[in-house]
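We number each residue from 1, following the sequence as shown.
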Amino acid sequence: MRVAPPAWVQDVMHLVAAHLGGAPQDFSKVPLDLERVSPFYRAVYQAAQDIPPGQTVTYGELAARLGKSRAAARAVGQALAKNPIPIVVPCHRILGAAGAAVGFSAPGGVQTKARLLALEGARVPRVR
């Protein structure tokens, strides 16, 4: 017997499908269960969720939004590399210091990052 997912999960599934279908969605209000991640990672994921579709920031800029020095960019990158909820936590919107698509651990790597940004209407960064 197959049980349907809860309504809120179905809603998120529809948002993700619409997003990947070319209609950018805002995932900032999707409730996340981040109890098992460190407070720093949680802050990184929540800050990433605040970046609107079609916009990008660098790892250093995201660190600064968290009240950290730009030197914390590497720690931000490490947190995003372990992002358990890609798309909903849009780690593809974070770029390297030179504006290049770097550091994307999902299948397809930085090419996938560039495709997701293009889908959202963002300037597609050069891929390193």
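Distance alone, capped at 3.5 Å, places no donor-acceptor pair between the E120 side chain and the Q55 backbone. When atom types are taken as modelled, the side chain of K113 and the backbone of L95 share no donor-acceptor pair closer than 3.5 angstrom. The backbone N or O of A79 lies less than 3.5 Å from a partner atom in the side chain of Y45, making a donor-acceptor pair.
Across A43 and L66, no two heavy atoms sit closer than the pair O-CD2, 3.5 Å. In plain terms, the two heavy atoms of V102 and Y59 that are nearest each other are O-OH, 3.2 Å. When all heavy atoms of P53 and P24 are compared, the closest pair comes out as CB-CB, 3.7 Å. Looking at every heavy atom in both residues, A101 comes nearest to V110 through O-CG1, 3.2 Å. The two atoms that bring A73 and G60 nearest to each other are CB-N, 3.6 Å, heavy atoms only. Among all heavy-atom pairs drawn from L62 and A48, the shortest one is CD1-N, 4.2 Å.
In this structure, CD on Q49 lies 9.0 Å from NZ on K29, to the nearest 0.5 angstrom. In this structure, CG in L20 is found 10.0 Å from CD in Q25, a value given to the nearest 0.5 Å. The CD1 atom of I85 lies 5.5 Å from the CG atom of L34; values are rounded to the nearest 0.5 Å.
The shortest side-chain heavy-atom distance between L15 and D26 does not fall under the 4.5 Å cut-off.
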>> Show, in sequence, the C-alpha distance, side-chain angles and deciding distance for V89 and V44, and conclude whether the side-chain contact (heavy atoms from CB on, under 4.5 Å) test is met.
In response: CA-CA 9 Å; V89 173; V44 169; over 6 Å; no

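Hydrophobic cluster membership is shared by M13 and L116, with clusters built from Ile, Leu, Val, Met, Phe, Trp and Tyr side chains linked at under 4.5 angstrom. In the hydrophobic cluster analysis, where Ile, Leu, Val, Met, Phe, Trp and Tyr join through side-chain heavy atoms closer than 4.5 angstrom, V57 is grouped together with Y41.
Remark: R70 engages T58, E61 in a side chain to side chain contact (heavy atoms under 4.5 Å, CB included) (not counting sequence neighbours). Contacts of F27 classified as ring-ring contact (aromatic ring centres under 6.0 Å, His included), with partners at least two apart in sequence or in another chain: H19.
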